[in-house]
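Reviewing the structure listed below.
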There are 2 protein chains.
Amino acid sequence: MNNSLKRKIRSIPDFPKKGIVFRDLTTLFQDHGAFREALSLLHNYYRDRRIDKVCGIEARGFIIGGALADRLNCGFVTVRKAGKLPAATVREKYELEYGTAELEIHRDAIEPGKNVLIVDDLLATGGTLAASCSLVKKLGATVFGVAAIVELSYLHGRDKLAGYDVFTLVEYDSEQDDRPPG
Amino acid sequence: MNNSLKRKIRSIPDFPKKGIVFRDLTTLFQDHGAFREALSLLHNYYRDRRIDKVCGIEARGFIIGGALADRLNCGFVTVRKAGKLPAATVREKYELEYGTAELEIHRDAIEPGKNVLIVDDLLATGGTLAASCSLVKKLGATVFGVAAIVELSYLHGRDKLAGYDVFTLVEYDSEQDDRPPG
């Protein structure tokens, strides 16, 4: 795990609601050195894995996913909240803390048999990433693995991603980890 | 204007509502050759313009903006719909066809005096891009210009961006331009 990157992430207590510490990656993205370091670590890890397509999850997954697709010389595919994609899609429902949400991917976004990497900014409970893996498999493609910059390991998201290669750069092992004083 | 890129864009009639032709760039992003060609054209245009920060507008502006920031060795800053950013922000209201919407940027995202490029996927009426320029100026930074892959020139978005350098790659000169038959 990478401490110089971790120092670039801002922890914001009580966002979006009381008791939650939000890990704000905008401070990492806006620092050109940290942004490129994160991309280089991801690029080095995946450069020889014969990735055909990089899938980014709306919206912050687009930031790192688009840049990583460029570095890997891959096409970039969007996984979006239901209703945003204009052509024929497949959908996948997943559980939130309260209720459910749906993600979509275009039916023709990835040809069967392609080797796909799924990217988001943060791995929390793993629900969004697991649903994205299901979407890619519904298209007949192969999920090589999932990548995120941050992993909230105390939420055990990896358990939902068993069988996939999971690669993350910065770990928080508790809600209190790196919590600002006060 | 670039016809090989234009051929990679899918026109979808009556999305999101009857009478509108939606220009779907997902087909361009998912084609690795077209994605990289678009990025190379943007990179070549901006590489000697001393850009300090690239600002991408939620959500599709993150795809090309993040990758362009990487190529230009710049930090990447997000402009988001109101309520998404966790720290202190400035806001800007702008007109939609019916009603208004608000965009935000973090107050500490860009230092005063920095030279900023604002990126979105598409320039339509120019309202979103003009509001983003105002946000960047509220932070005391300089807007070098705005970039988009697609320009709907019949909506005259450039008129709202007078005084800024505007660079786009693919033009549609009418709602009917390149409309699929039927």
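Keep in mind that what you see is a predicted model, and the values were worked out from it rather than measured. Heavy-atom basis, side chains included; hydrogens, waters and symmetry copies ignored. Numbers restart at 1 for each chain; the letters A, B, ... are given by sequence-line order, proteins then strands.
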Do A:H106 and B:D24 have side-chain heavy atoms sitting under 4.5 Å apart? yes
Do you know which two heavy atoms are closest between B:C74 and A:H32, and how far apart they sit? C-CB, 3.3 Å
Could you tell me which portion of A:L68 (side chain, backbone, both or neither) has an atom closer than 4.5 angstrom to a non-hydrogen atom of chain B? neither
Please indicate whether B:K81 has more than 12 foreign heavy atoms, meaning atoms of other residues, nucleotides or ligands, lying under 6.0 Å from its NZ. yes
Same hydrophobic cluster for A:L161 and A:F167, using side-chain heavy-atom links shorter than 4.5 Å among ILVMFWY? no
When you group the ILVMFWY residues by side-chain heavy-atom contacts below 4.5 Å and let the links chain together, are A:I64 and A:Y164 in the same group? no
If you define the side chain from C-beta out and look only at heavy atoms, does anything of A:E58 sit under 4.5 Å from B:R60? no
Inter-chain contacts: residues 36-55 of chain A against chain B, heavy atoms under 4.5 Å: A:R36, A:L39, A:K53
Side-chain contact test, heavy atoms from C-beta onward, threshold under 4.5 Å: evaluate it for B:L85 versus A:T26 and give yes or no. yes
I'd like to know if B:V136 and B:I57 are part of one continuous hydrophobic network [Ile/Leu/Val/Met/Phe/Trp/Tyr, side-chain heavy atoms within less than 4.5 Å]. yes
In terms of hydrophobic clustering (I, L, V, M, F, W, Y; side-chain heavy atoms under 4.5 Å; direct or indirect links), are A:V143 and A:V90 co-clustered? yes
Select one option (side chain, backbone, both, neither) describing which atoms of B:D31 are under 4.5 Å from chain A's heavy atoms. backbone
Best-contacting candidate, A:F35, A:F29, A:F76, against chain B by heavy atom pairs under 4.5 angstrom: A:F76
Group every Ile, Leu, Val, Met, Phe, Trp and Tyr by side-chain heavy-atom contacts under 4.5 Å, then state whether A:V146 and A:L152 land in the same group. no
Quick check on B:K8: does its NZ atom have over 12 non-hydrogen neighbours (other residues, nucleotides or ligands) under 6.0 Å away? no
Taking a cut-off of under 4.5 angstrom between non-hydrogen atoms, the residues of residues 108-127 of chain A near chain B are A:D108, A:A109
On a heavy-atom basis, which atom in A:G83 and which in B:F15 lie closest, and how many Å separate them? O-CZ, 4.0 Å
Could you check whether atom NZ of A:K93 has more than 12 heavy atoms from other residues, nucleotides or ligands sitting under 6.0 Å from it? no
Over all heavy atoms of both residues, which pair between B:F62 and A:A59 is shortest? Give the atoms and the distance, please. CD2-O, 3.3 Å
State whether the number of non-hydrogen atoms from other residues, nucleotides or ligands found under 6.0 Å of B:K138 atom NZ is greater than 12. yes
I'd like to verify something: which residue of A:I63, A:T27, A:L72 has the highest number of heavy-atom pairs under 4.5 Å with chain B? A:I63
